[in-house]
Protein chains: 2
Amino acid sequence: MRLSTKGRYGLRAVLDIAINGNDEAIALSQIAERQEISVNYLEQLIAKLRKSGVVNSIRGAQGGYILARPAHDISVGEILRSLEGDLSPVECSEINDADAECSHSDLCVTKYVWKRISDSINDAVDGIMLSDLVDESRKVQAEAGNNQEKRTNQTC
Amino acid sequence: MRLSTKGRYGLRAVLDIAINGNDEAIALSQIAERQEISVNYLEQLIAKLRKSGVVNSIRGAQGGYILARPAHDISVGEILRSLEGDLSPVECSEINDADAECSHSDLCVTKYVWKRISDSINDAVDGIMLSDLVDESRKVQAEAGNNQEKRTNQTC
DNA sequence: TTTAATCCCTATTAATTTACTAGGGTTTAA
DNA sequence: TTAAACCCTAGTAAATTAATAGGGATTAAA
């Protein structure tokens with residue numbers, strides 16, 4: 001039940017843009033350096049975020065990425081689903097897509113469990129906005145205070 | 001973010017015992033046939049369930065497995081954690097073990113997200129008892145009625 | 001007492017997925 | 001014109017998952 005590096009690195013990348021990009025485009029090479037992720041791999045992750053409308057890209061020299069909307073309008077759920085696909089514990093059309101119907105759904109008992117897990121995950125991540133993480137980061141930075149060496153957001 | 005077959009098959013196996021074993025030990029070969037899972041693989045899964053105290057085994061001829069406790073005292077959370085390990089979205093001691101502390105936790109912002117996901121998953125599965133699934137199964141069987149061919153619990 | 005049914009254990013392999021590298025192409029500000 | 005940037009996709013290495021394989025121990029019943 002682990003998130004892959006896509007979700008973990010990708011969320012860090014968006015948070016990096018939210019924190020460091022004050023209406024300025026941030027080059028991927030800068031994010032890559034701060035977050036210690038290779039540019040090539042980050043490119044693949046940010047491509048998903050661009051296609052799903054979380055970030056916008058600016059091509060050419062001096063280009064980079066900016067948030068597509070204000071941080072308080074972007075939920076962590078939207079970010080993670082862009083990167084990971086649906087956040088469901090099982091591959092079942094009936095659970096992952098409200099309109100679909102599973103072929104042997106009539107005798108499937110455990111779907112009751114999977115649906116509850118799926119809903120609780122989505123509710124949790126949809127309730128956290130990117131701006132919440134930005135606030136949290138500023139608070140944490142202020143507390144860290146004179147620790148000059150580590151000023152980027154870190155992850156577990 | 002998918003559960004592995006360990007969790008999915010294993011939950012089906014326990015439910016099979018809960019439904020079909022009325023104080024009688026159920027042989028693994030029977031579960032394997034009904035659930036269409038190989039005996040050898042199922043053995044590995046049920047070993048985890050035995051070690052964590054979800055089922056008891058009875059060795060020798062006419063042996064098999066029984067629930068270690070009444071179905072209303074066994075939560076789906078306990079079953080899934082026995083099979084999958086912790087249900088956390090990340091590998092972080094601070095999130096998965098209340099007493100531990102993560103080395104760079106002071107600057108880790110995303111742990112806020114992982115903790116909320118982790119708690120919501122655990123709350124969801126701890127709130128479902130095995131007996132709830134047994135009840136659900138009986139209801140579903142009754143509704144299926146004269147469909148004689150598929151009488152075992154199926155999964156998505 | 002023998003036999004067959006059953007659980008018990010662990011090593012190995014096959015399949016799949018994840019994580020990443022590599023490298024060529026396009027756009028655009030300076 | 002050039003260099004800094006994004007854009008795209010094919011390939012590979014590493015890790016994990018899923019399963020197979022097979023020998024051992026226990027015990028009810030013939």
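Labels below follow one simple rule: chain letters A, B, ... track the order of the sequence lines, proteins then strands, and each chain is numbered from 1.
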Legend entry - Value rounded to 0.5 Å, distance of CD in B:Glu136 from OG1 in A:Thr110: 10.5 Å
Inset, instruction - Name the residue closer to the 5' end of DNA chain D, choosing between A:Gly60 and B:Ala61 according to the nucleotide with the nearest heavy atom. - result: A:Gly60
Inset, instruction - With sequence neighbours left out, write down each residue that passes side-chain contact (heavy atoms from CB on, under 4.5 Å) with A:Arg138, or none if nothing qualifies. - result: A:Ile19, A:Val134
Inset, instruction - Please name all residues satisfying side-chain contact (heavy atoms from CB on, under 4.5 Å) with A:Glu84, sequence neighbours left out, ordered by chain then number. - result: A:Leu3, A:Ser4, A:Lys6, A:Leu87
Inset, instruction - Within residues 40-47 of chain B, find the residues that approach DNA chain C with a heavy atom at under 4.0 Å, and present them sorted by residue number. - result: B:Glu43, B:Gln44
Inset, instruction - Could you tell me whether the phosphate oxygens of D:dC6, OP1 or OP2, come under 4.0 Å of any side-chain nitrogen or oxygen in A:Ser57? - result: no
Legend entry - No-hydrogen, no-angle side-chain donor-acceptor test under 3.5 Å, A:Asp16 and A:Gln35: yes
Inset, instruction - Rounded off to whole Å, could you give me the CD1-to-P distance for the A:Ile26 and D:dA4 pair? - result: 18 Å
Inset, instruction - Could you check if a side-chain atom of A:Asp119 sits within less than 4.5 angstrom of a side-chain atom of A:Arg116, using non-hydrogen atoms only? - result: no
Legend entry - For A:Asp126, all residues meeting side-chain contact (heavy atoms from CB on, under 4.5 Å), sequence neighbours excluded: A:Ser75, A:Arg81, A:Asn122
Inset, instruction - Please check if the side chain of A:Ser52 supplies one atom and the backbone of A:Lys48 the other of a donor-acceptor pair under 3.5 Å. - result: yes
Legend entry - Rounded interatomic separation in angstrom, taking CD from B:Glu24 and P from D:dA28: 14 Å
Legend entry - Rounded distance in Å - OH (B:Tyr65) to P (D:dT27): 14 Å
Legend entry - CD1-CG distance between A:Ile74 and A:Asp132, expressed to the nearest 0.5 angstrom: 12.5 Å
Legend entry - A:Ser4 or A:Gln62, whichever maps to the more 5' nucleotide of DNA chain C: A:Ser4
Inset, instruction - Please report, rounded to the nearest Å, how far the C1' atom of D:dC6 is from the CG atom of A:Leu49. - result: 15 Å
Inset, instruction - Take atom NZ of A:Lys51 and atom P of D:dC7, then tell me their distance rounded to the nearest Å. - result: 9 Å
Legend entry - Rounded interatomic separation in angstrom, taking NZ from B:Lys48 and C1' from D:dT17: 11 Å
Legend entry - Contact boundaries on DNA chain C for chain A, cut-off under 4.0 Å to non-hydrogen atoms: C:dA19 to C:dA29
Legend entry - Partner residues of B:Ile66 under the side-chain contact (heavy atoms from CB on, under 4.5 Å) criterion, sequence neighbours left out: B:Ala25, B:Asn56, B:Ile58
